[in-house]
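Report on the following structure.
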Amino acid sequence: MNDLGTPVLDDHLHLDPDHGRGIEAVTDFARSGGTHLLVVNKPSWLLGVEAESGDDFRTVFDTTVDVVERANDILRGRAWPVLGVHPGLVSKLVDDRGFSPAGARDLMQAGLEVAAEYVADGGAVALKSGRPHYDVTDEVWSASNAVLRRALELGAETECAVQLHTEATDDLTEVGEWAESVGLPSERVVKHYAGGELAGVTPSVMSDKDRLERAVERGEPFLMETDFIDDPDRPGAVMGPKTVPRRVSWMQEQGYDEAIRTAHVSTPELVYGLDTEATLSD
């Protein structure tokens, strides 16, 4: 194991123990110096789940909870599940399965309510939601925002963070205001796949050097991620599980020690209430 002398957290990746690399990817992460993971459930349809009710998402959530337990046997730190409903499901429901936008909204909100049960029971640390990053009809956009807002309400109710998959933007001030209006601090809302600059909520920065340098220069709370999708049919998509540890090593070479602490110690505490130092074993 490569010890980088600091907690190293990948804030957003997926693990598919049945169809992908699963625990093998965790081993690569750990050997490279990675210590902590936030593991987000894969989109339900990619696991063969065609949900008809909120309870139908439990299979998806349980798959992630189980693989996180196995990851904890490998990591020097630990992993935590992030559970929810991918915003792209709205198009699968409306375009492929004949749902109305309102019907899709209701099903996706029901899935989020089940995910919130896991958080309330201590089985997950955050919720996942968002809205499409591609063009949709006004009706679908409205339904998607209603789903996102329900996720924020559930985050407030369960006192947990909410990770969002959204359109490419450097300004989610309105979403941060929605969160504050229901009692969820805006810093506990995270935009995954973020650039180095973002207003309104906390960025989870994709770990390429240009984005990280912008985040370092900005000097605000940020997280680091790969969005590793663990899909054998798309082996080169997004970033591999070794990327965050390698970027931390590069940041150490650049003298970005304060930013490393921001991304891997203080921001995880601020956003998720996680102590990455106390959960790190020798």
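Heads up: numbering here begins at 1 and tracks the sequence.
- Side chain to side chain, Ser186 and Glu180 meet the donor-acceptor criterion of an N or O pair below 3.5 Å.
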Would Glu225 and Ser204 count as a side-chain hydrogen bond (donor to acceptor under 3.5 Å, both in side chains) if you check the C-alpha gap in whole Å, the side-chain angles of each, and the deciding distance to 0.1 Å?
CA-CA 6 Å; Glu225 69 165 80; Ser204 183; 2.7 Å; yes
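- No side-chain heavy atom of Thr63 sits under 4.5 Å from any side-chain heavy atom of Asp66.
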Carefully, step by step, assess Thr279 and Leu274 under the rule side-chain contact (heavy atoms from CB on, under 4.5 Å).
CA-CA 9 Å; Thr279 50; Leu274 301 176; over 6 Å; no
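- Side chain of Thr166 to main chain of Arg131: no donor-acceptor pair is present (N/O by atom type, distance under 3.5 Å, no hydrogens or angles).
- Side-chain contact between Arg70 and Pro17 is present, with heavy atoms from C-beta onward closer than 4.5 Å.
- Of the N and O atoms on the side chains of Tyr256 and Glu217, not one donor lies less than 3.5 Å from an acceptor on the other residue.
- Relative orientation of the His12 and His14 rings is perpendicular, given thresholds of 30° and 60° on the angle between their planes.
- Atoms CH2 and CG, from Trp178 and Leu152 in turn, are 8.0 Å apart once rounded to the nearest 0.5 Å.
- Between Arg150 and Glu113 there is a salt bridge, since a side-chain N of the basic residue sits under 4.0 Å from a carboxylate O of the acidic one.
- Looking at Arg218 and Glu213, no side-chain N of the basic residue comes within less than 4.0 Å of a carboxylate O on the acidic one, giving no salt bridge.
- Between Phe29 and Asp10, the closest side-chain pair of non-hydrogen atoms falls below 4.5 Å.
- Using a 4.0 Å cut-off between charged nitrogen and carboxylate oxygen, Asp55 and Arg58 count as a salt-bridge pair.
- To the nearest 0.5 Å, the span separating OG on Ser266 from CD on Glu277 amounts to 9.5 Å.
- Taken to the nearest 0.5 Å, the CG atom of Asn145 stands 7.5 Å off from the CD atom of Glu174.
- Here the side chain of Thr35 pairs a donor or acceptor atom with the backbone of Val8 at under 3.5 angstrom.
- With no hydrogens or angles considered, a side-chain donor-acceptor pair links Tyr134 and Ser91 at under 3.5 Å.
- By the 4.5 Å heavy-atom criterion applied to side chains, Leu89 and Phe57 are counted as neighbours.
- The aromatic rings of His36 and Trp80 lie parallel to each other, their planes meeting at an angle below 30°, with 60° marking the opposite boundary.
- Residues Asn2 and Arg31 form no side-chain contact, since every pair of their non-hydrogen atoms from C-beta on lies 4.5 Å or further apart.
- Put simply, Val271 and Leu148 are part of two different groups of oily side chains (I, L, V, M, F, W, Y) that touch within less than 4.5 Å, one to the next.
- The aromatic rings of His165 and His192 sit tilted relative to each other, their planes meeting at an angle between 30° and 60°.
- Put simply, the side chain of Met206 reaches to within 4.5 Å of the side chain of Val238, judged on heavy atoms.
- For the salt bridge (Lys or Arg N to Asp or Glu O under 4.0 Å) with Arg21, the lone residue among Asp231, Asp28, Asp230 that qualifies is Asp28.
- Asp171 and Thr169 share no donor-acceptor pair across their side chains, judged by distance under 3.5 Å alone.
- The main-chain N or O of Glu187 is found under 3.5 Å from a side-chain atom of Thr202 such that the two form a donor-acceptor pair.
- Considering only heavy atoms from C-beta on, Val244 comes within 4.5 Å of His264 through its side chain.
- Between the side chain of Gln163 and the backbone N or O of Asp11, at least one donor-acceptor pair lies under 3.5 Å.
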